[in-house]
K.L.:
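Please see the structure below; I have some questions.
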Amino acid sequence: MEEKLKLLITPPEGGTRDAAALCQSVTWGGSYDQAARTLDFPLLVCPEDKRLPTVDCPPGSRVQFYRGERLLFDGFVFSRQRDTLSNTVEVSCADRGLYLKRNQGAYRFRGQTPEGITGRVAADFGLTVGSLARTGTAISRNFPGVSLYQIIQTAYTQASAATGGRYMVRFRGEALEVIEKKQGERTLALRPGSNLISLTATDSVERLVNRVQILSKDGTAKGSPVEDGASIARYGLCRGTGYLRKAG
């Protein structure tokens, strides 16, 4: 039996509605190297047709996407867009991982495990903690005002040199988790000619920087620029600047 899809929308003022029947498609996405999972969908609206249910979803609305009883996404509406020539509102959502990117912290850790660091950060910012991968590896690191995601991911990346594991930060519902990436029986392998219909690949050097001049706080150049000669010869000169800051 095919599992029923549910798209539950709860506006800030309350009142949950299932909007699955008003969406022609739902795009659920994410990546191991992204802090937040996303959910995008076109919501059918037609004020002139009184028979059509009205579901309001202003920014801040909670959105939960289910397949059967399995919760696939739990997050919030961050933007919506309506074209007057269209009968749909384009809704974009992100889960709580977005807050890991948008909130910053400053910490000085000495001899603490990544799981301990994650627990400390979560407690300081009022985050619910779920399962955290255990590394048993003590690390020391300063984090001078960086995103919470960078703090957690960097701590686990440092530990991976000792454990050999690869770790992913995610939210399961309201709970922050860090899991070890492992290939198992539920891992999907994509193979051309088998279950991969098409593939689009893109190469880009739009954000390439191959020469950097280090500057002090007052804008004075420090030493000669650092550059990648081979890259400059191949793609041309793309300059950037970095700034020196006193340690401590």
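Just so you know, these numbers use all the heavy atoms, side chains as well, and skip hydrogens, waters and symmetry mates.
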K.L.:
Would you please test S92 and T38 for side-chain contact (heavy atoms from CB on, under 4.5 Å) and show each step?
P.N.:
CA-CA 7 Å; S92 296; T38 60; over 6 Å; no
K.L.:
Quick one: are L72 and Y66 in side-chain contact, heavy atoms under 4.5 Å?
P.N.:
no
K.L.:
Can the ring centroids of F65 and F73 be said to lie less than 6.0 angstrom from one another?
P.N.:
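No, the ring of F65 stays outside the 6.0 Å limit from the ring of F73, centre to centre.
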K.L.:
Taking atom OG of S224 and atom CD of Q213, what is their separation to the nearest 0.5 Å?
P.N.:
7.5 Å
K.L.:
Any chance you could measure I179, atom CD1, to M168, atom CE, to the nearest 0.5 Å?
P.N.:
3.5 Å
K.L.:
Could you give the side-chain donor-acceptor pairs of residues 228-235 under 3.5 Å, partners two or more places apart or in another chain?
P.N.:
unit_1: D228; atom_1: OD1; unit_2: A230; atom_2: N; d: 3.3
unit_1: D228; atom_1: OD1; unit_2: S231; atom_2: N; d: 3.2
unit_1: S231; atom_1: OG; unit_2: N210; atom_2: ND2; d: 3.1

K.L.:
Applying side-chain contact (heavy atoms from CB on, under 4.5 Å), run through F109 and R120 and close with a yes or a no.
P.N.:
CA-CA 10 Å; F109 294 111; R120 165 71 184 282; 4.0 Å; yes
K.L.:
With a 4.5 Å limit on heavy-atom distance, are the side chains of L44 and N87 in contact?
P.N.:
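Counting from C-beta outward, L44 and N87 do come under 4.5 Å.
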K.L.:
What pairs with D56 under salt bridge (Lys or Arg N to Asp or Glu O under 4.0 Å), at least two apart in sequence or on another chain?
P.N.:
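D56 satisfies salt bridge (Lys or Arg N to Asp or Glu O under 4.0 Å) with R80 once adjacent residues are dropped.
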K.L.:
If every non-hydrogen atom of L148 is compared with every non-hydrogen atom of Q104, which pair is closest and at what distance?
P.N.:
CD2-C, 4.0 Å
K.L.:
How close do P11 and S61 get, counting heavy atoms only, and between which atoms?
P.N.:
CA-OG, 3.4 Å
K.L.:
Answer with yes or no whether the side chains of T27 and D40 bring together a donor and an acceptor at under 3.5 Å.
P.N.:
no
K.L.:
Please tell me if the side chains of L71 and Q64 come closer than 4.5 Å, counting only heavy atoms from C-beta onward.
P.N.:
yes
K.L.:
Considering only Ile, Leu, Val, Met, Phe, Trp and Tyr, and joining two whenever side-chain heavy atoms are under 4.5 Å apart, list the other residues clustered with F76.
P.N.:
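Members other than F76 - counting any ILVMFWY side chain reachable under 4.5 Å - are F78, L98, Y99.
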K.L.:
Rounded to the nearest 0.5 Å, how far apart are CD1 of I214 and OG1 of T220?
P.N.:
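Nearest 0.5 Å value for the CD1-OG1 distance: 13.5 Å.
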K.L.:
Rounded to the nearest 0.5 Å, how far does OG1 of T157 lie from CD of Q150?
P.N.:
10.0 Å
K.L.:
Donor-acceptor pair, T10 side chain versus G14 backbone, under 3.5 Å?
P.N.:
no
K.L.:
Does I152 reach the side chain of Y167, with side-chain heavy atoms less than 4.5 Å apart?
P.N.:
no
K.L.:
Give the cluster check for F125 versus I117: same hydrophobic cluster or not, with ILVMFWY residues linked at side-chain heavy-atom distances below 4.5 Å.
P.N.:
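Yes, F125 connects to I117 through the hydrophobic network.
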K.L.:
What do the steps show when you test E174 against R62 for salt bridge (charged side-chain N to carboxylate O under 4.0 Å, His left out), and what is the final call?
P.N.:
CA-CA 11 Å; E174 298 182 3; R62 185 176 183 179; 3.4 Å; yes
K.L.:
Ignoring hydrogens and angles, tell me if any N or O in the side chain of Q158 forms a donor-acceptor pair with the backbone of R141 under 3.5 Å.
P.N.:
no
K.L.:
Any non-hydrogen side-chain atom of L22 less than 4.5 Å from a side-chain atom of T88?
P.N.:
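No - every pair of side-chain heavy atoms lies 4.5 Å or more apart.
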K.L.:
Consider only side-chain heavy atoms of I, L, V, M, F, W and Y, link residues closer than 4.5 Å, and tell whether V212 and L237 are in one cluster.
P.N.:
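No; L237 is not reachable from V212 via cluster members.
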K.L.:
Report, as yes or no, whether the 6.0 Å neighbourhood of atom CZ on R110 holds more than 12 heavy atoms from other residues, nucleotides or ligands.
P.N.:
yes
K.L.:
Apply side-chain contact (heavy atoms from CB on, under 4.5 Å) to S25 and F41, showing your working.
P.N.:
CA-CA 6 Å; S25 64; F41 54 89; over 6 Å; no
K.L.:
Which heavy atom in L176 sits nearest to a heavy atom in A122, and how many Å separate them?
P.N.:
CD2-CB, 4.3 Å
K.L.:
Might you confirm whether atom CD of Q81 has over 12 heavy atoms from other residues, nucleotides or ligands at distances under 6.0 Å?
P.N.:
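No, not enclosed.
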K.L.:
May I ask you to check whether Y149 and N103 show a side-chain donor-acceptor distance below 3.5 Å?
P.N.:
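No donor-acceptor contact under 3.5 Å links the two side chains.
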K.L.:
So which atom in S147 and which in L100 form the shortest heavy-atom distance, rounded to 0.1 Å?
P.N.:
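It is CB-O, 3.6 Å.
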K.L.:
Would you confirm whether T118, through its side chain, and P114, through its main-chain N or O, come within 3.5 Å as a donor-acceptor pair?
P.N.:
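Present.
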K.L.:
With sequence neighbours left out, which residue pairs that include part of residues 7-28 fulfil the salt bridge (charged side-chain N to carboxylate O under 4.0 Å, His left out) condition?
P.N.:
none
K.L.:
Check whether Y156 and V146 end up in the same hydrophobic cluster, where Ile, Leu, Val, Met, Phe, Trp and Tyr are linked by side-chain heavy atoms less than 4.5 Å apart.
P.N.:
yes
K.L.:
Would you say L5 and L8 are hydrophobically clustered, going by side-chain heavy atoms of ILVMFWY under 4.5 Å?
P.N.:
no
K.L.:
Show me the side-chain donor-acceptor pairs of residues 127-136 shorter than 3.5 Å, one per line, residues at least two apart or across chains.
P.N.:
unit_1: T135; atom_1: OG1; unit_2: E115; atom_2: OE1; d: 2.9
unit_1: T135; atom_1: OG1; unit_2: T137; atom_2: N; d: 3.3

K.L.:
Taking it one step at a time, do D74 and R96 satisfy salt bridge (charged side-chain N to carboxylate O under 4.0 Å, His left out)?
P.N.:
CA-CA 8 Å; D74 186 351; R96 293 165 179 80; 3.5 Å; yes
K.L.:
Kindly write out the residues that satisfy salt bridge (Lys or Arg N to Asp or Glu O under 4.0 Å) with R170, not counting sequence neighbours, or none if the list is empty.
P.N.:
E177
K.L.:
Please report the shortest heavy-atom distance between E3 and G68, naming the atom on each side.
P.N.:
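So the minimum-distance heavy-atom pair works out to CB-N, 3.9 Å.
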K.L.:
Identify the two heavy atoms, one from C57 and one from L43, that lie closest to each other, and give their separation to 0.1 Å.
P.N.:
SG-CD2, 3.6 Å
K.L.:
Got a second to check how far R37's CZ is from W28's CH2, nearest 0.5 Å?
P.N.:
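Nearest 0.5 Å value for the CZ-CH2 distance: 9.0 Å.
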K.L.:
Do V63 and V77 make a side-chain contact, defined as non-hydrogen atoms from C-beta onward lying under 4.5 Å apart?
P.N.:
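V63 reaches V77 side chain to side chain.
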